[in-house]
Amino acid sequence: MYVVLSRSSRGIVALRLADDASEIAPAETVSEADLPAWVARLERERPRWVWDDTTRWYPQLLAAGVRVERCVDLRLSHALLRGSTLTATSTLALSPVGHWDRATPLADKPETHGALFDLDDDPAETAPTDPLAEFLLQRDATATAAEPGRIGLLLAAESAGALIACEMKSAGLPWHADVHERLLADLLGDRPRGLERPAKLEELLDRMRAILGTHDVNPDSPAELLKALRRTGLQVASTRSWELKEIDHPVIAPLLEYKKLSRLQTANGWNWLDTWIADGRFRPDYVPGGAATGRWGASGGGALQLPKQIRGAVIADPGWKLVVADAAQLEPRILTALSADRAMAEAGRGDLYEGIVASGAVKTRAEAKVAMLGAMYGATAGDGGRLMPALTRAFPRAIAVVEAAARVGERGDIVTTRLGRSSPLPGEAWRELQESASVQGASDALQRAARGQSRGWGRFTRNFIVQGTAAEWALCWMAGLRGRLWDLRGGRFTDRPHLVFFLHDEVIVHTPPELADEVVAQLEAAASDAGRLIFGEMPVRFPITTAVVDNYSQAK
DNA sequence: GGGTCTTGCGCG
DNA sequence: AAAGCGCGCAAGACCC
């Protein structure tokens, strides 16, 4: 059963549909206040809730203690179906851009009344905002796809991700502000009063000034710092840390330390604590599908960039544990499965990089890693580029897949992940440059620029198929895990083991300690499920590493 | 004074 | 090991 929800001036309209989308009963109207109880009652029949945007419905349900098993997020699904090459000839994909094509969550838009059949403010918009009409269009697009199972799985996984994103924000990542403050004090010194620097930074700055023999240099200004370094006779093109590391000069050590600590202070210092931690929880907005490749984005507090330095402040509640799990060498394994490269699958029976060494392609594990990253990112120079021929000889099928994806991008075409997420087309400026460089008599400089731009888009599409399919694996892993965790015991959502963090190929589960071993088993089971769901019976393993810990910094 | 671009760096 | 992919954020630079 499906239940399509929409808001109207009279309240919430709920329409029950059978699995073939035929209407079961006339629409019902429910008040906002009654919605959570009404949803909880109907949830026993395990419907799939159909709504315009999960962020507009689910947070208030969670706040009322109501968790749902599954949904269709029409906005996210629409974006996938609109762009996918698997549904390119569908009515949905051929219809004009409209209400369902906005990139940002619909919640960002002020509430309109009579939303069921309302047209958007933009008079050019003719597509209906009616969720039932949109849902039927989406079903049609899926059913008429060449392989409905692929795109269907992707839509289900994306919608499950939308539920998980809301649940993780609702539960929050357990965060000890006092521990965080102690970490800051150890590294930076006491919290400064006004705008002055913390003691440790001031000390480092004094040392740098003494060495440089100047007082008027602002180390936080790259331009000023660059000038000061050049006055001292250092040949540098920028003030990037990796470039400074190559230089032998007494000012470099304190400067690099200053940069590191200054970064901590500005990105995750006291201001960050004041802004983002409340009630012992960090609650960023997770943005499913935030990156073109299908990876999630996040906003508020830089949730996907938590530096290792402060992960010790992520601490399980008293009487609880954190289970930290990550997929080992996920992207190369995804490439193995995408290409059905048996030699690489063989190398991946254990540690993939050791396996590549054992195959004889490269000499060391470090080389294997650089070579694989180079293959997936499109390295042209350095060790990554240098190792490519050997890697290509050992694993021709795998390398052929990424090379083919690069060629597609270089000519401005679209690539598609395993489940059907398609890459965007390059923009107008890209095409204009390609065209202007292809006319008779175009200058060498213009042709070089066009070639560089073309290769750049090729690197994007090369990586897109791997990163995007890895994101699909991660979504399937998490969606399966979510159901498995729910089944581990009864009670409210946050009384059971539950997800509290997700970072591309890594998750954190907050769990009562007596269930930690069971959580580990479910993490592993969900990982093998994900591989089978996406790739079928293929001899590619997706091992995960797990750690049961009290705080995040104890993992890895 | 405010808005946008650039630089640099954190994460995967 | 090298500077190849995807992001978000803060501060300074730059422009009006």
Side-chain angles (χ1 to χ4, degrees), chain A residues 195 218-226 236-246 255-256 258-269 271-272 275-276 284-311 326-332 334-335 353 362-388 402 405-406 409 415 421 423-424 452 455-471 474 501-507 552 556:
Chain A
L195 295 173
N218 173 7
D220 302 318
S221 160
E224 274 189 50
L225 186 57
L226 192 59
V236 282
S238 76
T239 65
R240 293 187 179 89
S241 292
W242 65 263
E243 189 178 345
L244 298 179
K245 271 181 199 132
E246 305 301 313
L255 175 53
L256 289 174
Y258 179 94
K259 279 172 157 283
K260 185 93 183 157
L261 292 177
S262 164
R263 165 80 192 183
L264 174 65
Q265 136 99 343
T266 54
N268 297 97
N271 286 341
W272 183 91
T275 310
W276 299 112
D285 279 312
Y286 297 94
V287 188
T293 55
R295 275 191 175 181
W296 285 17
S299 71
L304 305 187
Q305 313 140 243
L306 295 176
K308 301 225 160 113
Q309 291 160 303
I310 58 161
R311 292 185 178 183
D326 76 284
Q329 304 138 2
L330 178 59
E331 292 194 352
I334 290 292
L335 176 56
Y353 299 133
V362 298
K363 287 201 180 62
T364 65
R365 190 179 187 282
E367 279 189 337
K369 193 170 176 179
V370 169
M372 277 309 304
L373 289 177
M376 293 184 301
Y377 292 164
T380 52
D383 280 11
R386 179 171 59 76
L387 294 166
M388 283 296 292
V402 282
V415 295
R421 191 184 309 261
S423 63
R455 296 231 172 96
W457 200 260
R459 285 192 298 275
F460 168 58
T461 52
R462 168 197 294 265
N463 186 249
F464 185 97
I465 56 164
V466 179
Q467 186 183 123
T469 305
F501 194 60
F502 169 53
L503 185 55
H504 309 316
D505 59 1
E506 172 179 344
V507 297
Y552 191 11
K556 283 198 266 202

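A note on names: the letters A, B, ... follow the listed sequences, proteins ahead of strands, and every chain is numbered from 1.
Atom CG of Leu373(A) and atom P of dA1(C) are 12 Å apart (whole Å). Residue Gln305(A) contributes atom CD, which lies 18 Å from atom P of dG8(B) at whole-angstrom precision. If you measure from atom CD of Glu367(A) to atom C1' of dA1(C), you get 9 Å, rounded to the nearest angstrom. Rounded to an integer number of Å, the gap from CZ of Phe501(A) to P of dG12(B) is 9 Å. Taking atom CZ of Arg295(A) as the reference point, atom P of dC7(C) lies 9 Å away to the nearest angstrom. For the pair Leu261(A) CG and dG10(B) C1', the computed distance is 14 Å after rounding to whole Å. Atom-to-atom, CZ of Arg459(A) to P of dC7(C) comes out at 15 Å; the value is rounded to the nearest Å. Glu243(A) has its CD atom 9 Å from the P atom of dG8(B), to the nearest Å.
With a 3.5 Å ceiling on both atom-pair distances, dG4(C) lacks any Watson-Crick or G-U wobble partner.
At a cut-off of 3.5 angstrom, counting only N and O atoms as typed in the model, there is no donor on one side facing an acceptor on the other between the side-chain of Arg462(A) and the base of dG4(C). Counting atom types as modelled, Arg263(A) pairs a side-chain N or O with a base atom of dC9(B) as donor and acceptor under 3.5 Å.
For Asp383(A), the listed nucleotide lying nearest its side chain is dA2(C); candidates were dG12(B), dG8(B), dA2(C).
Between the side chain of Arg462(A) and the main chain of Ala375(A), a donor-acceptor pair closer than 3.5 Å is present. Listed for the Lys259(A) side chain is no donor-acceptor partner under 3.5 Å among the backbone atoms of Pro219(A). Here the side chain of Thr293(A) pairs no donor or acceptor atom with the backbone of Phe464(A) at under 3.5 angstrom.
Comment: Arg295(A) engages Glu331(A) in a salt bridge, judged by a side-chain N to carboxylate O separation of less than 4.0 angstrom.
In this structure, the side chain to side chain contact (heavy atoms under 4.5 Å, CB included) partners of Ala327(A), at least two apart in sequence or on a different chain, are Leu330(A), Trp473(A), Asp505(A), Ile544(A).
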Pick out the pairs of N or O atoms, protein on one side and nucleotides 13-16 of chain C on the other, that lie under 3.5 Å.
unit_1: dA13(C); atom_1: OP1; unit_2: Ser221(A); atom_2: OG; d: 2.6

